[in-house]
Amino acid sequence: MPNKKIIVGNWKMNPTGPSDAKHIFSKIVSTASRFKKVETVICPPSIFLPILGNNKSVKIGAQDAFYESSGPFTGFISSAMVKSFQTEYLLVGHSERRRLGETDELISKKIKAGLKQRLKIILCIGEEQSDENGIYLKLLRQQLLSGLGDIPKKYFDQIIIAHEPVWAIGSFAKEVDTPERFQHNRLFIKKVLADLAGKKFGVSVPVLYGGSVGPKNAQGFLETGEADGLLVGRSSLIPVDFVKILEIANACS
Ligand code: PGA
C-alpha cells in the first residue's frame, strides 16, 4: 500500500437524496486532485454507489456488504455487487453495526468475502467505554484476532484498521480522545498484528483514527498520533471541512 495518508469519509445514512450526494461528492472531487499525497475515499450509502463511481482522485467504498455473493437474503447486498460499481474499499465492523448485533463471527465472514473480491477492507474496532487502566486493550485484541485470525497471507496488503473509540464518536460523544492516547493504541494494534502474522504485517498495516475528527484536531492525530489516516463521519458531509482535512493530511504526508 502506498505511503499516503488515507482519509476516509463515512457518510453513514446521509444525505437523503441523490442530488445532495452528487453535490457533496463533486465538491470534494474538484479539490481532492490537488492533494497527491492523500488517498481519498468516500463511503456513501450503497444506493449512491452507481451514481458516484470511482474517479482518479477520490475512491469509493461501501459501508457494509453481506458475506454471501447472491441468494435468498432479503435486503442485503454482497461484496460482489458493490465491487461491480468500481468500489475499492469496504468498511466492516463499524460500531454502529456492532451495536445492532453484528458479531465478530459475522464480521470475520464479511471480511473474507470482501477480500475475495479484492476489496480493501477497513476493519473498525473500538471500545464502548474509556478506561485509564487499559482493560479495553483486551477487547481490541479480541476484535482484531477474531476478524483477521485466519485470513491467508496473500490478503494482508488489503487490510486497514480503523480504531474508533465508541465514546468519542458522533455528536453524542462523551469525551474527546487525544493524539497521545491514539499513538499508544496504534502501537498496540500493530504489535497484536505482528504477533499474529509476522513483523512485516505489523509494520506495514495502516492504522487510522476515527472519532469526531474535524479540521481542528486532524493535524494532532496525524502528526503527534502518527495516524496513517483518518476515518471521518460528520465532517465528511461538509465539503469545506473535509477538503481542509485533506489539505492537512497532504501537508503531513
Ligand atoms: P464522527 O464519526 O466523525 O461523526 O465522530 C466517525 C465514524 O463513526 O466513522
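Remember, it's 1-based here, ligands and their atoms both numbered in the order they're listed. Only this structure's heavy atoms are used, side chains among them; waters, hydrogens and symmetry mates stay out.
- In this structure, E88 does not pair ionically with K83, as no charged nitrogen and carboxylate oxygen lie closer than 4.0 Å.
- Taking a cut-off of under 4.0 Å to the non-hydrogen atoms of K12, the atoms of ligand 1 that pass are 2 (O), 6 (C), 7 (C), 8 (O), 9 (O).
- By the side chain to side chain donor-acceptor pair (under 3.5 Å) test, S108 is found to be paired with K112, residues two or more places apart in sequence or in another chain being considered.
- Close contacts of ligand 1 with S212, meaning ligand atoms under 4.0 Å from a residue heavy atom, involve 1 (P), 3 (O), 5 (O).
- G233 N, 2.8 Å is the protein heavy atom nearest to atom 3 (O) of ligand 1.
- A salt bridge does not link E164 with R98: every distance from a Lys NZ or Arg NE/NH1/NH2 to an Asp or Glu carboxylate oxygen is 4.0 Å or more.
- The residues E128 and R99 are annotated as salt-bridged, a charged nitrogen and a carboxylate oxygen being separated by less than 4.0 angstrom.
- Here is the list of ligand 1 atoms found below 4.0 Å of a heavy atom in E164: 6 (C), 7 (C), 8 (O), 9 (O).
- Residue contacts with ligand 1 leave out G210, since none of its heavy atoms falls under 4.0 Å from the ligand.
- Between E96 and K12, at least one side-chain nitrogen of the basic residue sits less than 4.0 Å from a carboxylate oxygen of the acidic one, meeting the salt-bridge criterion.
- In summary, the atoms of ligand 1 found under 4.0 Å from a heavy atom of N10, numbered by their order in the structure, are 9 (O).
- Partners of Q219 under the side chain to side chain donor-acceptor pair (under 3.5 Å) rule, at least two apart in sequence or in another chain, are E223.
- Where the criterion is an N or O separation shorter than 3.5 Å, residue side chain and backbone included, V232 fails it with respect to ligand 1.
- At a 3.5 angstrom cut-off on N or O pairs, G211 does not count as close to ligand 1.
- Of all protein heavy atoms, the one closest to atom 4 (O) of ligand 1 is R234 NE, 2.7 Å.
- Contact check on D228 versus R186 returns a salt bridge, with a Lys/Arg side-chain nitrogen under 4.0 Å from an Asp/Glu carboxylate oxygen.
- Residue contacts with ligand 1 for I169 involve both N, CA, C or O and side-chain atoms from C-beta outward (heavy atoms, distance under 4.0 Å).
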